[in-house]
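This report refers to the structure that appears directly beneath it.
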Protein chains: 2
Amino acid sequence: MTASIQAYERLTRDLTVGRYAPGSRLPGERDLAGQLGVSRATLRLALSRLESEGTLQRSAQRGWFVPTQVLSEPPSTLQSFTEMARARGLRPTARVMRQEVRPASLDEAAKLRIAPAAPVLEIDRLRGMDGTPVCFDVVVLPSVHVEAMKDADLTDRSLYDELRRLCGIEVHRSAYTLMAESADADLARLLGITAGAPVLVGDEVAYTADGTPVLIGHNKYRGDAYRFEADLFRRA
Amino acid sequence: MTASIQAYERLTRDLTVGRYAPGSRLPGERDLAGQLGVSRATLRLALSRLESEGTLQRSAQRGWFVPTQVLSEPPSTLQSFTEMARARGLRPTARVMRQEVRPASLDEAAKLRIAPAAPVLEIDRLRGMDGTPVCFDVVVLPSVHVEAMKDADLTDRSLYDELRRLCGIEVHRSAYTLMAESADADLARLLGITAGAPVLVGDEVAYTADGTPVLIGHNKYRGDAYRFEADLFRRA
DNA sequence: GCCTTCCTATACCAGTTAGTCCAGTGCTGA
DNA sequence: TCAGCACTGGACTAACTGGTATAGGAAGGC
């Protein structure tokens, strides 16, 4: 049994036993090393291990702290499907079902601020997590990005990543609308649910930092497999 | 990550999110340092950085002020049902169906950060616009507000308004979760829809500016009569 | 003998803390 | 009108913190 493992186990015991209260600061590394009878370098090995498993939190030049069990606040940020899946430890998948250039509808032209019937690229994808289909995803890109994206392979890839890589475009803001609907027969078959089952429908217009529309999104999520989370703030 | 940078980011977030109104004075450096869990010297590093980029203005011997010109558009804003209806030119209604004190469940106690089985006030309301039922709304308030609110008349009134009037409480942030479900028979009858029709279910925990939980909300909206809109921002 | 691995000991650095003292501001009450 | 006073940011200090780099000792395998 090495000294660093002994120090680790001793600290683990002290922490589980409540010797150091949640939120409190541990004694300095020099003191702690003395108390445990090991050198500072050895103690730091043990502390790093405790940090990596979340038992302790380090704060440079301030000390080591016992985490408070306060649930973390989910920030109100825009996460792509890919990022969301990865944050949950799941593998995001995407099967491209359609990828073609067509004229923009009036509504799309208005949202993207382009001319009606100007060419747009529509990409339909069935998205899943760990293989289970979760969402049917339609994206419409304006003419300026058609050339760069019309032959891009978006299978199992993040659209946001490809937009950045191929067009140098960074999505900054997204106007999102959510509603609940019933699945029709086609959608039900794609998502593996029964017709009439509830789906969460998200309509999105994404913009760059300077306010240029980048894409229109239309997502239909399985009601039982997806929830939407956001932080809302009240205007002062 | 140094403590001063953490303090800087926390303040930036609070400012963009509207925690401190434009033109208002921040708490004194000593108070603010305490709130952020950082020493005054470290806080002043963060404040100086915010001043150099124009986010804050200092006034010696008086305090730190938020510039009057708006800094940036805040993320998705929180609108009460009442405000939302009025913004659409509709008359908000609310029929109180239940208003009683009961012990908190384990889950509620955790979310409200109170003791399990501590008394909470549950208020069930059927909310409508121009008389048409749109939403079944359950709110749970923690023990501290039970006395002030337990006999309040919330018929056709905004809960947020009454909280401000009777408890001096201002809701600042709300963590919102949305999902799609099917209406069961009871809910369908209340909302005047058929059983199995899609409903948009919102779960909410609302907080004051200092992070104290104020209420838990559980709202079930008619899928065909309500959409949820938000602006989401991508983390820089 | 020679290498690796683990540990100890020491020193220095930059960031942080707690504390003190100061002068200016703004309110209150005589 | 003015004195008193609580509070503010401004400035500074001494002590302490983790982060990092260095050198050396002890044990074990080859």
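Quick note on labels: first sequence line is chain A, next is B, and so on, each numbered from 1. Side chains are part of it too, since the values below use all heavy atoms of this structure and drop only hydrogens, waters and symmetry mates.
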Legend entry - Length of the CH2-C1' vector between W64(B) and dT25(C), whole Å: 16 Å
Inset, instruction - Take the protein atom OH of Y8(B) and the nucleotide atom P of dG15(C), then report the distance between them rounded to whole Å. - result: 17 Å
Legend entry - R25(A): salt bridge (Lys or Arg N to Asp or Glu O under 4.0 Å) partners, not counting sequence neighbours: none
Legend entry - Side-chain touch K150(B)/Q99(B), heavy atoms, less than 4.5 angstrom: no
Inset, instruction - Quickly work out the E51(B) CD to dG9(D) C1' distance and round it to whole Å. - result: 12 Å
Legend entry - R44(A) side chain near dG18(D) phosphate (N/O to OP1/OP2, under 4.0 Å): no
Inset, instruction - For L36(B) and dT16(C), give me the distance from atom CG to atom P, rounded to whole Å. - result: 13 Å
Inset, instruction - Determine, using ring centers only, whether F233(A) and H172(B) are less than 6.0 Å apart. - result: yes
Legend entry - Within-4.5 Å side-chain heavy-atom neighbours: R173(A) and V214(A): no
Legend entry - Sequence-distant partners of E170(B), side chain to side chain donor-acceptor pair (under 3.5 Å), two or more places apart: R164(B)
Inset, instruction - Check the distance between dT16(C)'s P and E29(A)'s CD and give it to me in whole angstrom. - result: 16 Å
Inset, instruction - Would you state whether a donor and an acceptor, one from the side chain of Q61(A) and one from the base of dG18(D), lie under 3.5 Å apart? - result: yes
Inset, instruction - Give R58(B) one of three labels, base, sugar-phosphate or nothing, depending on what nucleic acid heavy atoms sit under 4.0 Å from its own. - result: sugar-phosphate
Legend entry - Side-chain donor-acceptor pair present, W64(A), E29(A), cut-off under 3.5 Å: yes
Inset, instruction - Provide, to the nearest angstrom, the distance between the CD atom belonging to Q6(B) and the C1' atom belonging to dT16(C). - result: 12 Å
Inset, instruction - Would you check if the distance from the ring center of Y176(B) to the ring center of F228(A) is below 6.0 Å? - result: no
Using atom names, set out every protein N or O paired with an N or O of nucleotides 7-11 of chain C below 3.5 Å, distance rounded to 0.1 Å.
from	atom 1	to	atom 2	distance (Å)
dC7(C)	OP1	T2(A)	OG1	3.3
dC7(C)	OP1	A3(A)	N	2.7
dC7(C)	OP1	S4(A)	N	3.2
dT8(C)	OP2	S39(A)	N	3.0
dT8(C)	OP2	S39(A)	OG	2.9
dT8(C)	OP2	T42(A)	OG1	2.4

Legend entry - Separation of dC16(D) C1' from R62(A) CZ (nearest whole Å): 13 Å
Inset, instruction - Choose from dG10(D), dT25(C), dT20(D) the nucleotide whose nearest atom is closest to any side-chain atom of A60(B). - result: dG10(D)
